[in-house]
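Single-structure report; data block below.
All chains are named by letter (A, B, ...) in the order of the sequence lines, taking the proteins before the strands, and each is independently numbered beginning at 1.
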Amino acid sequence: MKLPLSFYTRSDVVQIAQELLGKILVTRIDGQLSSGMIVETEAYCGENDKACHANNGRRTKRTEIMFQEGGKAYVYLCYGIHHLFNVTTNVDGLADAVLVRGLEPIEGLDLMMERRKMKRLGNKLSSGPGSLSKALGITTKMYGQDLTGDTLWIEDRGIELKPINIKVGKRVGVDYAEEDALKPWRFVIRNNLWTSKPAV
DNA sequence: CTAACGATTCGCT
DNA sequence: GCGAATCGTTAGT
């Protein structure tokens, strides 16, 4: 079943990041379905987290969506090349988000491989935030998409993870955030092939 | 208006 | 393992 708005509007973004492991991220573009299980996430908190784009009152055109009510897609371009997909959380006025960094493909394998221009299936297909966005066809056109809509959404298919199967670590690529770079806000599924590089 | 840089990936060595 | 690719956003002039 599709996750309800109430899943996203809760206040503990770190908790939500952890719960998103094992959920299914789905896109439907031009009638074509593709999906995968979320195997890696990172939490970003608007208040008190220098790694977050919206930290320190930076409410700009780009970060605006994070300040609104949760349950929307925050997509932005990184290094001029890669589209990174985030889920916004919390209530109106609080800019929290969860970055999805790894996906285990489930449906639409051919479509994903075509988008990624890969000849053979490999874990590079959708591990890493830029890669999975491209595999699912997520671009900045999806900015602000409602996750309770029918283009881009997240499902719960009853997959349950025990705490022992979840690894926790510091976030990737945020060394500039000083002391906040050390926060244990990265969650990955243990022994899953589809997580991005540095295993915690 | 201008300049600097990033929540990265890929290809080559 | 290392470096280039590449452009929107941001902050400062």
Nearest to the side chain of [X] - [options]?
{"X": "I81(A)", "options": "dT10(C), dA5(C), dA7(B)", "result": "dA5(C)"}
{"X": "L77(A)", "options": "dA7(B), dC7(C), dT10(C)", "result": "dC7(C)"}
{"X": "H82(A)", "options": "dT9(C), dA7(B), dT8(B)", "result": "dT8(B)"}
{"X": "R58(A)", "options": "dT8(B), dA11(C), dT6(C)", "result": "dA11(C)"}
{"X": "Y176(A)", "options": "dA7(B), dC10(B), dT10(C)", "result": "dA7(B)"}

| task | Indicate, with a heavy-atom threshold strictly under 4.0 Å, whether S131(A) touches base, sugar-phosphate, or nothing. | result |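 Answer is sugar-phosphate: S131(A) comes under 4.0 Å of backbone atoms only.
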| field | Most 5' of F85(A) and K124(A) on DNA chain B, judged by nearest nucleotide | value |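 So the residue in question is F85(A).
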Return the value, rounded to whole Å, for the distance between atom [atom1] of [X] and atom [atom2] of [N].
{"X": "K134(A)", "N": "dA5(C)", "atom1": "NZ", "atom2": "C1'", "result": "13 Å"}
{"X": "H53(A)", "N": "dC5(B)", "atom1": "NE2", "atom2": "C1'", "result": "11 Å"}
{"X": "D180(A)", "N": "dA7(B)", "atom1": "CG", "atom2": "C1'", "result": "14 Å"}
{"X": "K183(A)", "N": "dA7(B)", "atom1": "NZ", "atom2": "C1'", "result": "15 Å"}
{"X": "K50(A)", "N": "dG6(B)", "atom1": "NZ", "atom2": "C1'", "result": "18 Å"}

| request: Sort out the partner of dT9(C) for me: Watson-Crick or G-U wobble, both distances under 3.5 Å, none otherwise. | output: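 Matched dT9(C) with dA4(B) under the 3.5 Å cut-off.
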| said: I need the full list of side chain to side chain donor-acceptor pair (under 3.5 Å) pairs touching residues 105-115 of chain A, with sequence neighbours left out, sorted by first then second residue. | reply: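 Side chain to side chain donor-acceptor pair (under 3.5 Å) check on residues 105-115 of chain A returns S34(A)-R115(A), S35(A)-E107(A), E107(A)-R157(A).
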| Does a sphere of radius 6.0 Å around NZ in K141(A) hold more than 12 heavy atoms from other residues, nucleotides or ligands, not counting ones at 6.0 Å or beyond? |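 No, not enclosed.
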| request: Flag as yes if Y76(A) stacks onto the base of dG8(C) (centroids under 5.5 Å, planes under 30°), otherwise no. | output: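 According to the criterion (under 5.5 Å, under 30°), no, Y76(A) does not stack.
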| Any side-chain donor-acceptor pair under 3.5 Å between S196(A) and R101(A)? |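 On atom types as modelled, these side chains qualify, holding a pair under 3.5 Å.
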